[in-house]
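These notes concern the structure reproduced below.
Quick note: numbers below take in every heavy atom, side chains included, and nothing from hydrogens, waters or symmetry partners. One-based numbering, in listed order, for ligands and for the atoms of each.
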Amino acid sequence: MKLKNSTSKIKDLSSEIDKLRVPNHIAVIMDGNGRWGVNKGFTRSYGHNKGVSVLKNIIRLSKKIGIKVLTVYAFSTENWTRPPEEVNFLLNLFEKVLDQEINELNRELIRIKFIGDLSSFSEDLRKKFVNAENITHHNDEFTLNICTNYGGRQELVKVAKELARKSISGEIKPDQINEEMFESLLLTSDFQDPDLLIRTSGEKRISNFLLWQLAYSEIYITDVLWPEFDENEFLKAIIDYQSRNRRFGGIKSVSNQSLKSSFSFG
Ligand code: FPP
């Protein structure tokens, strides 16, 4: 039976994961939905719908294996240039998924955060974003960051403006600006930088995603399109990450994030 096969494949790979070195934070560029939908003889939207069900599986597996933060690129500042029908489809999809899933995500103790310039969205959608954050804010074991209308360059410009304002008002002196102060003004200031960036669909670029935060992240690129990125593919990325030698610019290997986690696919 198909389901049984895929479950047993996951079991096989799960035994290869070093449970003491699971990445703390994984960022994902979920690419290839449109192509997958069209390749299957359907529409790009069909691919986005399938992309949502893949995301749900990856969220649950992430939590199960002890990852603390999953940050996904759902809508970039550049995605507004897509045909209006596709933009509308995606915005409606966010709304529908939030309506349908928020209570279940909360029951599963998942905290939701939206990262990006939310001011461009309709008031209705903004309310749903805020509501999802409020309902889940007490869940401190696992956070899902959903980057919507997010752009790395725009985020850096935002920080630069805030620092300029603080300097002009006398709150800080320009010479006091350092990495720590800069980081504290990023939209991700509550989180450690991603240990691992996963990009699906084979494109070898970071597409304006988390430009500051990815400075020392390990990068894993797979040709698999997002709608086919199943739990097994995710585990492969983690196993690959665990084989890396992270030196952060030095010469000694730094042990990958050590987290005590225990999980089983029983
Ligand atoms: C990239 O594929 C995917 C997107 C721009 C949208 C991703 C969104 C989801 C998976 C839905 C997430 C939903 C929630 C509520 C977080 P693409 O369209 O660029 O594919 P292509 O490269 O084949 O054109």
TODO: Please report the C-alpha distance between Y220 and Y241 in whole Å, then the side-chain angles of each, then the deciding distance to 0.1 Å, and finally whether the ring pair (Phe, Tyr, Trp, His ring centres under 6.0 Å) criterion is met.
DONE: CA-CA 8 Å; Y220 178 87; Y241 162 83; over 10 Å; no
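Between W226 and ligand 1, not a single N/O pair is under 3.5 Å apart. Between N79 and ligand 1, no N or O atom pair is found at a separation short of 3.5 Å. An N or O contact shorter than 3.5 Å links R35 to ligand 1 by distance. Between R44 and ligand 1, at least one N/O pair is under 3.5 Å apart.
By the criterion of a heavy-atom distance under 4.0 Å, neither the backbone nor the side chain of L225 is placed next to ligand 1. Here E95 has no heavy atoms under 4.0 Å from ligand 1, in either its backbone or its side chain.
Note on ligand 1: E101 sits outside its first shell, no heavy atom being nearer than 4.0 Å. Not a single heavy atom of E203 lies less than 4.0 angstrom from ligand 1. In this structure, A74 has a heavy atom closer than 4.0 Å to ligand 1.
Between S207 and R199, the side chains place a donor N or O and an acceptor N or O closer than 3.5 Å (distance only, hydrogens not considered). Between D124 and S122, the side chains place no donor N or O within less than 3.5 Å of an acceptor N or O (distance only, hydrogens not considered).
Protein heavy atom in closest approach to atom 11 (C) of ligand 1: V52 CG2, 3.6 Å. Looking at atom 10 (C) of ligand 1, its nearest protein heavy atom turns out to be N33 ND2, 3.5 Å. With hydrogens left out, the protein atom closest to atom 14 (C) of ligand 1 is F94 CD2, 3.8 Å, a heavy atom.
The neighbour count for E180 CD, taken as heavy atoms of other residues, nucleotides or ligands under 6.0 Å away, does not exceed 12.
Close approach of ligand 1 to G34 (heavy-atom distance below 4.0 Å) involves ligand atoms 17 (P), 18 (O), 20 (O), 21 (P), 23 (O). Short contacts between ligand 1 and V97, defined as distances under 4.0 Å to a heavy atom of the residue, involve ligand atoms 15 (C).
A distance of 6.0 Å or more separates the ring centres of F42 and W36.
Distance alone, capped at 3.5 Å, is enough to place a donor-acceptor pair between the T136 side chain and the I112 backbone. Between the side chain of N149 and the main chain of L118, no donor-acceptor pair closer than 3.5 Å is present. Q242 contributes a side-chain N or O that, together with a main-chain N or O of D18, makes up a donor-acceptor pair within less than 3.5 Å.
The pair K166-E162 fails the salt-bridge criterion, with no side-chain N (NZ, NE, NH1 or NH2) lying under 4.0 Å from an Asp/Glu carboxylate O.
Partner of R111 under the side chain to side chain contact (heavy atoms under 4.5 Å, CB included) criterion, chosen from N139, L105, V69: N139.
Of the options K56, K50, M30, R82, the smallest heavy-atom separation from atom 17 (P) of ligand 1 is shown by R82.
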